Amino acid sequence: MTEQKDNHQHISSLVSSGFETTNRIQFHTKAMTETVEGYPERTSLPKGVTWQTLDRQNYHPAEYTAEKLLGDTPPVWADPQDISKLPHDFISYEGEVEFDTNGRPLNPIGPTGITGRGVLGRWGANFAVDAIVTRINIDGFLEMVTIQREDGGEFATPGGFVDENEETTHALQRELEEETTATLSFESATPVYTGYVDDPRNTDNAWIETNAYHRHLARGVIIPLEGKDDARDARWRTINKELLEELYASHAFNVKKAIALWGKKEGKIVDSEGKVLNSTK
Ligand code: RP5
């Protein structure tokens, strides 16, 4: 019996064709318009503004660094406030780090309306990992492991900051286990995205960069999910248009890239409801 090719003349694909070739986030909106508890209001900025197009004469951002990062006993993972005493070089997946006249590193995407480190421990890039774990459910829909963040209650991919000298795949397995109790190896997982995250905690001088990896589970593989640590809940959710619109930070970008790469490899496309179809290409 020949396999019935799904007729794609009228479906609306969840991910635009060719998304797998998209390599980096070109601009940030959440880092310019959203904040988290404790942050001052961001100075308003024109959409898409860069350091080159910024009207510096009229740019007066609020300075904010969380109290827990200052004082005599800051957390071991935090940099000293005095930038001249940093124990590390400035590196970024986004390329050469640029500095302001005070020697502070500048957000590679552009101004955010706040200076200082916010709640982020390091000046410059704060390195994280994101674990994208998917399966096709019994009804033929693509699902992924999501966590509900303890801080703002938003749904996100499991993830977290990398420990000093920690291997990426170790950090992925550790963060997934800490936040969902599931134990999965990422040694053979697919690297999906490396770079800037449009996170509401980012500032002009401190920001988050991540390594997002994807593991697609074979049918029938069962993993336990229970929210723990900084996740109030952990559950499988269908990857549809609605979920992508509500995901935390720029996780939707990472998930769309993972689906695009997986679909190209497996000859599948996913429609806007999350249904997995055979690709005609
Ligand atoms: C996001 O924040 C990253 O993509 C990662 O998911 C997360 C790391 O911060 P915590 O979840 O540890 O707060 O920018």
Side-chain angles (χ1 to χ4, degrees), residues 23-25 27-39 66 68-69 75-79 92-94 107-109 112 114 117-122 124-134 144-164 166 168-182 184 186 189 191-215 227-235 237 239 243-244 246-258:
N23 283 319
R24 68 178 290 247
I25 288 175
F27 56 89
H28 51 199
T29 48
K30 297 186 180 178
M32 279 173 59
T33 58
E34 295 181 14
T35 59
V36 295
E37 190 184 341
Y39 275 49
K68 70 180 178 183
L69 301 176
V76 288
W77 39 264
D79 281 342
S92 164
Y93 292 127
E94 300 293 333
N107 186 308
I109 304 297
T112 67
I114 291 183
R117 285 178 285 162
V119 294
L120 300 176
R122 286 172 69 120
N126 290 255
F127 294 103
V129 290
D130 283 295
I132 301 167
V133 179
T134 57
M144 78 174 198
V145 174
T146 64
I147 55 121
Q148 189 174 17
R149 290 179 60 91
E150 193 57 67
D151 53 9
E154 290 179 276
F155 279 89
T157 55
F161 292 110
V162 183
D163 294 337
E164 198 65 30
E166 185 178 25
T168 298
T169 49
H170 181 271
L172 285 158
Q173 179 165 342
R174 175 180 56 74
E175 283 292 343
L176 180 75
E177 189 158 357
E178 283 177 4
E179 294 183 346
T180 72
T181 72
L184 279 180
F186 284 81
V192 167
Y193 171 71
T194 294
Y196 187 81
V197 184
D198 182 7
D199 189 291
R201 295 168 289 183
N202 291 351
T203 70
D204 288 4
N205 311 119
W207 60 89
I208 298 174
E209 298 187 11
T210 196
N211 270 297
Y213 278 55
H214 178 208
R215 248 203 84 172
K228 270 183 60 188
D229 195 53
D230 49 8
R232 68 172 76 155
D233 187 13
R235 67 174 91 146
R237 287 194 60 185
I239 308 177
L243 177 65
L244 291 181
E246 71 172 81
L247 280 182
Y248 178 73
S250 45
H251 287 181
F253 177 93
N254 305 345
V255 173
K256 287 197 288 187
K257 185 129 185 243

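One-based numbering, in listed order, for ligands and for the atoms of each. All of these numbers come straight from a predicted model, not from anything done at the bench.
Close approach of ligand 1 to Gly159 (heavy-atom distance below 4.0 Å) involves ligand atoms 11 (O). Of all atoms in ligand 1, listed by their number and element, those nearer than 4.0 Å to a heavy atom of Gly160 are 8 (C), 12 (O). Listed by number with element, the atoms of ligand 1 under 4.0 angstrom from any heavy atom of Val197 are 4 (O), 14 (O).
Summary of contacts: the protein heavy atom closest to atom 11 (O) of ligand 1 is Arg149 NH1, 2.8 Å. Annotation: atom 1 (C) of ligand 1 to nearest protein heavy atom, Asp199 OD2, 3.4 Å. Counting only heavy atoms of the protein, atom 3 (C) of ligand 1 lies nearest to Asp130 OD2, 3.6 Å. For atom 7 (C) of ligand 1, the closest heavy atom belonging to the protein is Arg201 NH2, 3.8 Å.
In terms of N/O distances under 3.5 Å, ligand 1 is not approached by Thr157. Residue Thr210 has no N or O atom closer than 3.5 Å to an N or O atom of ligand 1.
Using a 4.0 Å heavy-atom cutoff, His251 is listed among the residues neighbouring ligand 1.
Taken to the nearest 0.5 Å, the NZ atom of Lys30 stands 11.5 Å off from the CG atom of Asn202. In this structure, CG in Asp163 is found 14.0 Å from CZ in Phe127, a value given to the nearest 0.5 Å.
For the pair Pro75 and Lys68, the tightest heavy-atom approach, listed with the atom from each and the gap, is CD-O, 3.1 Å. Residue Ala258 comes nearest to Ile132 through the heavy atom pair CB-CD1, 4.0 Å, listed as atom of the first residue, atom of the second, then distance. Residues Arg117 and Asp79 come closest through the heavy atom pair NH1-O, 2.8 Å.
Note on ring orientation: taking the six-membered ring where Trp is involved, the planes of Tyr196 and His28 are tilted (angle from 30° to 60°).
In the model, Thr112 has no side-chain atom that pairs as donor or acceptor with a side-chain atom of Asn107 under 3.5 Å.
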